[in-house]
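Okay, structure first, notes after.
Here the structure is a predicted model, which means the values were calculated and not measured.
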Amino acid sequence: MKTKKSLMRKAHFLGTKIRNLRKRNRLTMEDLSARCIKLDPESAPSVSYLSMIERGKRVPSEEVLALIASIFQKDIDWFLDDVPEEDAITPNKGTKGGINGMALEPNFLFSKDILQIAIPEMLSQTGTTGRQFAHLLIRAHQEHNQNHFPDLERAAEDVGLKRLPLSLDDIVAITKNMGLQIKWFHKTPQAALDGVGIDTQSVVTSFFDPPNQININQLMRSQPHRLKYDLAVHIGHCVLHDKDGLRNVLVAGRNEISPLQDPTVQSQSSNVAPHDILHAWRDFECSFFAGALLCPKVPFRQLLDRNGYEINSGQIAGVSESVAMRRMTAVSPYPHWHYFDAYAPGKLKAVYRGNGIPLPWGNMRLVQDPCQHWAVFRMINAPLEGTSSQISILNVGDEPRIYSCESVKVQDFAGNKHVLCAGIDLNPAINAQGRDALSLANDLKQVCVKNGGSSAIPKAIKSDLMSIAKILNINWVERGIDNEARLICSRGAVCPRTPSCYQ
């Protein structure tokens with residue numbers, strides 16, 4: 001019979017394992033408690049009780065331990081093992097940022113003076129404007145920080161008070177409380193069009209006239225989700241930039257336009273001017289603020305968790321699929337996300353790559369040999385409506401990685417169909433559970449190569465991936481596992497299929 005001392009020692013090791021499993025999967029104690037409630041409300045432990053378990057102050061009941069074991073896909077015996085030193089309970093601190101850096105040697109070539117000479121020349125040769133390059137800089141900053149911008153989150157929470165959902169009446173009330181006036185227009189004034197570069201596939205949805213007037217396209221009355229987002233962006237411009245003199249123009253459509261454009265400034269030069277950086281940064285700030293206002297971090301994360309990260313969770317929050325999918329990348333405890341907003345024939349209007357996934361095509365130029373097996377390509381070119389889940393194997397460098405994504409075909413305000421895609425890198429999740437992700441990915445890759453590029457996932461691999469999907473609590477990962485896995489490549493020239501798609 002064990003002594004009280006040995007039981008407490010056992011509880012300490014058990015608590016350490018639970019804590020480190022929780023941290024490996026980037027869950028807070030509130031998240032873990034919510035997961036337990038989702039499975040069994042009667043037996044679920046409170047946050048304070050979980051804290052005592054993790055600190056070794058309490059030994060969980062058999063029911064509670066079974067709940068936690070189910071969430072992390074472990075046998076109960078694993079938690080009751082008295083051995084404290086093993087890889088499986090070592091926290092995985094990892095490295096911040098989704099894109100690995102590179103050594104800049106010889107470093108004298110990367111001096112500030114030489115870069116200032118070389119960058120404009122590079123932009124000129126590639127046909128890239130200074131504003132486009134500025135947006136790339138902002139995106140790189142966003143990916144490096146893995147979408148964590150607490151100052152912008154707090155600013156939005158101060159305005160919206162973390163309410164979810166916010167109705168259109170709530171948003172209108174916020175604008176009025178800020179001393180802003182809403183005016184509707186039928187035809188976009190020429191002053192708002194000057195310098196913006198509108199084409200026939202784009203529509204001005206709203207614009208801000210200093211000092212306090214928000215002008216809304218009359219057609220937006222039938223688009224409450226888009227209307228809420230536009231108002232939230234303008235609120236962000238007023239809160240973050242103190243209603244300054246920039247004419248804030250929002251556009252729906254295929255062309256790539258900065259929402260913060262001063263019509264007096266023509267920015268087609270390859271030089272990166274200070275106003276290019278300013279406009280790109282404000283574009284990002286207002287967009288992020290709008291998402292945080294409409295989908296505050298903690299409530300939206302809890303909503304996603306309850307609904308298994310389904311894209312239609314956005315309907316409950318009263319936002320579009322685009323806002324819901326972009327906010328997933330910011331609020332999820334799992335950091336290895338990507339997001340694409342794609343138009344045919346090969347234009348990425350929005351990109352986020354917190355996991356460093358290579359781009360299937362460029363957003364500054366069209367790629368001549370894009371891989372047609374990316375889910376986002378297949379949905380653009382197919383009549384398929386609704387959502388589509390896919391497991392993909394892609395070589396990054398010389399290493400195969402397993403990705404899972406959910407894509408949805410939607411239509412923008414200007415009537416253009418496009419595809420939204422949110423996805424995750426599964427390799428870190430596989431490694432976090434003590435499995436060899438590279439070996440698993442390579443095995444799945446070989447099966448797909450043997451079957452001409454796509455294959456049903458073998459039973460053993462499927463079991464491992466299903467376990468990971470349940471830990472992540474993302475329903476569309478499970479749906480993707482039930483479909484065929486597909487080989488994809490970053491460019492046709494490196495097609496892994498036999499025979500190659502591009503021979």
Side-chain angles (χ1 to χ4, degrees), residues 1-96 301-302 305 308-309 332-336 402 424-440 460-461 463-474 477-478:
M1 183 175 178
K2 292 185 179 291
T3 65
K4 182 177 180 181
K5 184 176 180 180
S6 67
L7 284 174
M8 289 302 294
R9 175 178 173 82
K10 187 174 186 178
H12 174 74
F13 293 152
L14 184 152
T16 298
K17 290 182 176 183
I18 293 174
R19 181 180 68 249
N20 290 334
L21 266 180
R22 176 176 62 78
K23 288 182 176 293
R24 272 176 172 266
N25 289 280
R26 296 177 179 261
L27 298 177
T28 64
M29 278 190 280
E30 288 80 3
D31 293 331
L32 181 53
S33 178
R35 291 272 185 95
C36 291
I37 292 171
K38 183 178 178 181
L39 291 180
D40 185 351
E42 295 295 327
S43 302
S46 65
V47 173
S48 59
Y49 191 65
L50 275 175
S51 176
M52 288 189 286
I53 292 173
E54 290 192 358
R55 289 182 288 122
K57 302 296 184 181
R58 292 288 188 275
V59 179
S61 67
E62 185 176 340
E63 292 79 11
V64 169
L65 189 55
L67 272 177
I68 295 172
S70 175
I71 288 169
F72 292 116
Q73 297 290 288
K74 296 285 187 185
D75 292 330
I76 290 180
D77 290 344
W78 184 89
F79 292 92
L80 300 177
D81 187 348
D82 287 346
V83 180
E85 294 86 16
E86 54 179 303
D87 292 340
I89 66 169
T90 303
N92 182 12
K93 298 183 184 300
T95 57
K96 190 174 182 179
R301 179 168 167 173
Q302 292 171 343
D305 200 56
Y309 281 73
S332 170
Y334 191 68
H336 308 285
I402 303 176
I424 58 173
D425 183 351
L426 289 176
N427 280 37
I430 296 169
N431 287 329
Q433 303 311 313
R435 297 176 175 87
D436 186 347
L438 287 180
S439 176
L440 194 67
I461 298 177
S463 176
D464 282 339
L465 294 182
M466 276 293 185
S467 177
I468 299 300
K470 291 185 182 300
I471 294 170
L472 294 174
N473 189 36
I474 301 177
V477 176
E478 294 190 39

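Considering only residues two or more places apart in sequence or on other chains, Asn473 meets the side chain to side chain contact (heavy atoms under 4.5 Å, CB included) condition with Arg35, Lys38, Asp305. The ring-ring contact (aromatic ring centres under 6.0 Å, His included) test applied to Phe72 returns no partner, not counting sequence neighbours. Here Gln302 pairs with nothing under the side chain to side chain donor-acceptor pair (under 3.5 Å) rule; sequence neighbours left out. Asn25 meets the side chain to side chain donor-acceptor pair (under 3.5 Å) test with Gln433; sequence neighbours excluded. Remark: Ser46 engages Ser48 in a side chain to side chain donor-acceptor pair (under 3.5 Å) (not counting sequence neighbours). In this structure Ser51 satisfies the side chain to side chain contact (heavy atoms under 4.5 Å, CB included) test together with Met29, Arg55, sequence neighbours excluded. Evaluation of the side chain to side chain contact (heavy atoms under 4.5 Å, CB included) rule for Thr28 yields Glu30, Asp31, Arg301 as partners, not counting sequence neighbours. Shown here are the side chain to side chain donor-acceptor pair (under 3.5 Å) partners of Ser439, two or more places apart in sequence or in another chain: there are none.
Applying the salt bridge (charged side-chain N to carboxylate O under 4.0 Å, His left out) test to every pair with at least one member in residues 431-440, sequence neighbours left out, gives these pairs: Arg435-Asp464.
Atom CG of residue Leu65 and atom CD1 of residue Ile18 lie 6.0 Å apart, to the nearest 0.5 angstrom. Atom CD of residue Glu42 and atom CD of residue Glu63 lie 11.5 Å apart, to the nearest 0.5 angstrom. Taking CG from Leu67 and CG from Asp40, the interatomic distance works out to 5.0 Å, rounded to the nearest 0.5 Å. Considering CZ of Arg24 and CG of Asn431, their distance stands at 9.0 Å, rounded to 0.5 Å. Distance CG/Leu27 to OG/Ser332: 9.0 Å, rounded to 0.5 Å.
The closest side-chain heavy-atom distance from Leu14 to Pro60 is below 4.5 Å. At least one side-chain heavy atom of Ile53 sits less than 4.5 Å from a side-chain heavy atom of Arg58. With a 4.5 Å cut-off on side-chain heavy atoms, Cys36 and Pro45 count as touching. In this structure, the side chains of Leu472 and Leu426 come closer than 4.5 Å at one or more pairs of heavy atoms. You'll find the side chain of Leu21 stays beyond 4.5 Å of the side chain of Ile68, heavy atoms only. Using a 4.5 Å cut-off on side-chain heavy atoms (C-beta onward), Arg22 and Leu50 make no contact.
In this structure a side-chain-to-backbone donor-acceptor pair under 3.5 Å is missing from Asp425 to His336.
For the pair Trp78 and Lys17, the tightest heavy-atom approach, listed with the atom from each and the gap, is O-NZ, 2.7 Å. Across all their heavy atoms, Tyr334 and Ala429 have their closest contact at OH-N, 3.1 Å. Looking at every heavy atom in both residues, Asn427 comes nearest to Ile402 through OD1-N, 2.9 Å.
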**Prompt:** So Ile430 and Leu465, side chain to side chain contact (heavy atoms under 4.5 Å, CB included) or not? Walk me through it.
**Reply:** CA-CA 8 Å; Ile430 296 169; Leu465 294 182; 4.0 Å; yes

**Step-by-step side chain to side chain contact (heavy atoms under 4.5 Å, CB included) determination, Ile468 to Val477** = CA-CA 9 Å; Ile468 299 300; Val477 176; over 6 Å; no

